[in-house]
S.K.: 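The structure's right below; bear with me while I get my questions together.
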Amino acid sequence: MNTPSSATVYLKDYAPPRFLIPEVDLDIDLLSEDNARVTATLDVRRNAAASDPKAALALDIDEVSVESVALDGVLLAPDRYALDDTQLIVPNVPDAFRLTTTSRINPKGNTKLMGIYTSSTGFFSLCEAQGFRRITPFIDRPDVMAKYGVTLHADKVRYPVLLANGNLVGQGEEGGERHWARWEDPFPKPSYLFAVVAARLESRKDSFRTRSGRTVALQFFVEPGKLDQGAFALDSLKHAMTWDEQTYGLEIDLDEYNLVAVGDFNAGAMENKGLNIFNTKLVLARPDISTDFDFSFIDRTVAHEYFHNWTGNRVTCRDWFQLALKEGLTVFREQQYAGDRYSRAVSRIQAVRNLRAGQFPEDAGPMAHPVRPQSYQQVSNFYTATVYSKGAELVRMMQTLVGPQAFRKAIDLYFKRHDGHAVTTDELVAAVQDASGVDLTQFKLWYDQSGTPRLHISGRYDADARRYELTVIQQTPPTPGQPTKLPMHMPLLVGLIDDKGREVPLHVDRPGATSESDGLLSLREEKEVFRFLDVPSRPVPSLGRGFSAPVIIEFDYSDEDLQHLLSYDSDPFNRWEAGQRLAMNLLLKGVGEHRAGRPVEFPSYLADAFARLLDDAGRDPAFAAEALALPPEVVIAEQLDEIDPEAVHEVRLAMRIFLAQRLKEKLRGAYDAFATPGAYSPDAASIGRRSLRNLCMAFLADLGDEASRGLCLAQLERADNMSDAMAALTAIANCDCAERRPALDAFYAKWKDEPLVVDKWLGVEALSRLRSTTARVRELTAHPAFTLKNPNKVYALLGSFGVNHVNFHAADGSGYELMLEQSVALDAINPQVASRMVRNFERYKRFEPGRRALMRAALERIAAAPALSKETAEVVGKALA
Ligand code: 0A1
Ligand code: ZN
């Protein structure tokens, strides 16, 4: 194995920067696509807080060729500084000085898409986490905060739009065909928030009046011809601005706020100060090309980036171990926003579904890490579900523990204390503790312990004493580097449901319960017993309401208990959860039968429970759509000791067919009843109706009969919006029928000039459950619509294939072979995206022996690839360890 060993960085080694750079002046001359000259003048001073008064100045560089270095205006001879691949070192520097460097970069050759790179309409940038060092030599870490002034020069005709952070302070023409613009950002910021754009773009203008009466100019820049796809995002931005004023009293602090869309982008979007850059996929929208999911995802993403202006930009991270400081808090704020704009219950269910499908498996695998990691090799590998989604859960738990009013005060205090500073997650927790008076010392363990805690809960009813007792034992499994765990402090929201389906008033006989009536139990010990008094009959407990903590709750519910909760729980999340548990119990039983070679059967009460949900769907169609969706294959797999993807797939499909057969009329009735009359609108109510209707269609399609095929084809043909079209196309793609190929080909022919729709088509092809899918995906890797150079295409085809559980994990290893070949080829182009693809292999130890061996062999072959990137090497190294 020739995996390059990359240095591990440890949180415990954090030391303040030896130098600070309060001001930066940049002159970026974009001479041609492959040649830009960057002149940087840094105002440097020794940091009094750092220990070494004689230290040399060390600036980070990455694929930048440094041509000259001057100190206080005097050019330094080459022997006065040292240059290697990663650093520019200048020894013997005074305590305060100006350093000017001139460097060359090659934006067109920058296939990693970090730093300044080219996309079809011009130059774009992405600096998080360590891309700024790919533009100019700098102390590229977030605790070095500077005020930036930037002058951009470029060809006037090819790149008419010149943008950077902050305010435009001057512009003009130069030398006939070229022009320049100067931008100054009044707020000191870390280098990862730096951004520039020089491109041929059109813009849509708008404005926002803040509650203090200022008018902010908003502008959204898109590729020519796409202006009609920009209205929705601008509306979202204004909603987000209003929401943050109303909810947190936070106002936009700039006079100008620009959004830019770009088709080549490693992430979803980036919160650069005053110049948010978005992946087109997460910002451009129009009903005929965007689904309901796209609309709400765009709304949330625009809000997320905007919310970062305070949580991330005004108060930023001291170091990259603190990434959850900004991401956990911002995802939490985004979730609150979504809960306010759409259905609160459905938003919560979707957040938990994502957590279970993405974060729980990560937390049980070789890349498991705490929300505040203790070490990393490549920081780009730590933009994870754990940091983002579990990070948001920790903020939510704090809010639950201290209550919403105290939490709001805590956020005020956080900004009062830390505005303009780079801090750690400890400071956030301290603000919540100080504003609320709740001791959160033990709670902080959540930031440092990885692994998903399990709560083993048992209940005992004493009829004579009219007492119900809950015993809660918490255990967190060992994870890499953390063999033993301490008990954590967490909120457990509970209720008791009596035999008539009513809430039992709670009287808790225990000091640990913070509130008697609202069922908020505060867990701190490994084992705790809670006694509820005056309970008239044996209740069914509703545990972890609203998913009050990111844990796995084990309770021995009978299927009757679950049906009872599904019908009566007043907490909508737990009503949904009861349905999921009921289905899961039967699915796991089915997997056991299937593996033993016995027939798989399902009980009538499952169909009856689903029938009741359908009968009741009119009350809340969006909720019904969530409740009727079976747990995804990856979540079922997670429950097994040894994963057999084929068995999981077959049994889940059998359950879908069982339900479709039993409920055929009801499904068809709901399909007709929940049509959305009138013009398309992505409002919460219409989204709910379409989700339910399309879910009914998908169940019917699983019957594979002519009538249901006709239904799908008719919907595909008549759809006036992409949600309905995609639902129909997905169903047809899963059907081994004559209509399938013509439908998929026609869809591509219709949309081949709309890259975001081509991505959807690639996704549908790659997600099909037909066993011919692997061969088709291989064929598509050579299709003109596909390229490894564009992250969206990679995610659409290979990313989708990776979550196609049954085909990626085909027993013959064909799926693994395809993914490994493509990942290795991709690694030479874009290692950040490649390492994400390689993560598809990391959990090989969880699979049955045949797949386990094949996946391990694939990892070994990736490890042996020549010139493997450090990003991919970290993933492979940890998986094979
Ligand atoms: N900070 C951005 C997303 C982002 C993630 C990873 C990146 O590079 C590794 C860059 C940006 C956000 O949370 O929106
Ligand atoms: Zn973010």
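Whatever order the structure lists them in is the order used to number ligands and atoms, beginning at 1.
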S.K.: Starting from atom 4 (C) of ligand 1, find the nearest protein heavy-atom neighbour and note its residue, name and distance.
M.R.: A267 CB, 3.6 Å
S.K.: Strictly distance-based, threshold 3.5 Å: is any side-chain N or O of R314 a donor or acceptor partner for the main-chain N or O of H421?
M.R.: no
S.K.: Considering only protein heavy atoms, which is closest to atom 3 (C) of ligand 1, and at what distance to one decimal place?
M.R.: A269 O, 3.3 Å
S.K.: Side chains of residues 793-802: which donor-acceptor pairs under 3.5 Å do they make with residues two or more places apart or in other chains?
M.R.:
| unit_1 | atom_1 | unit_2 | atom_2 | d |
| --- | --- | --- | --- | --- |
| K793 | NZ | P755 | O | 3.3 |
| K793 | NZ | D759 | OD1 | 2.4 |
| S800 | OG | A796 | O | 2.6 |

S.K.: With a 6.0 Å cut-off on the ring centroids, do W243 and Y306 count as close?
M.R.: no
S.K.: Is E271 paired with K326 through a side-chain N to carboxylate O contact shorter than 4.0 Å?
M.R.: yes
S.K.: Identify whether the distance between the nearest side-chain nitrogen and carboxylate oxygen of D412 and K416 falls below 4.0 Å.
M.R.: no
S.K.: Any idea which protein heavy atom is nearest atom 13 (O) of ligand 1, and the distance to it?
M.R.: Y388 OH, 2.8 Å
S.K.: How are the rings of Y388 and Y383 set to each other: parallel, tilted or perpendicular (split at 30° and 60°)?
M.R.: tilted
S.K.: With backbone taken as N, CA, C and O and side chain as the heavy atoms from C-beta onward, which portion of K326 lies under 4.0 Å from ligand 1: side chain, backbone, both, or neither?
M.R.: side chain
S.K.: What residue and heavy atom of the protein are closest to atom 7 (C) of ligand 1, and at what distance?
M.R.: E128 O, 3.8 Å
S.K.: Quick one: look up the protein heavy atom nearest atom 6 (C) of ligand 1 and list residue, atom name and how far away it is.
M.R.: Y383 CD2, 3.3 Å
S.K.: For H308, counting its heavy atoms only, list the atoms of ligand 1 lying under 4.0 Å from any of them.
M.R.: 12 (C), 13 (O)
S.K.: Run the contact test for M114 against ligand 1 with a 4.0 Å cut-off on heavy atoms, strictly below, and give the result.
M.R.: no
S.K.: So if I count the atoms of ligand 1 from 1 in the order they appear, which ones are less than 4.0 Å from some heavy atom of E271?
M.R.: 1 (N), 2 (C), 12 (C), 14 (O)
S.K.: Heavy-atom contacts with E327 under 4.0 Å: which atoms of ligand 1 show up? List them by number with element.
M.R.: 1 (N), 12 (C), 13 (O)
S.K.: So which protein heavy atom does atom 14 (O) of ligand 1 come closest to, and at what separation?
M.R.: E305 OE2, 2.6 Å
S.K.: Would K273 pass as a cation-pi partner of F187, given that its NZ or CZ must be under 6.0 Å from the six-membered ring centre and within 45 degrees of the axis?
M.R.: yes
S.K.: Looking from the Zn ion (ligand 2), what is the angle between OE1 on E327 and NE2 on H308, to the nearest 10°?
M.R.: 100°
S.K.: E871: which residues meet the side-chain hydrogen bond (donor to acceptor under 3.5 Å, both in side chains) condition with it, sequence neighbours left out?
M.R.: none
S.K.: Nearest protein heavy-atom contact for atom 9 (C) of ligand 1: which residue, which atom, what distance?
M.R.: Q832 OE1, 3.6 Å
S.K.: Checking side-chain polar atoms at under 3.5 Å, does D299 have a donor or acceptor matched by the opposite partner on S296?
M.R.: no
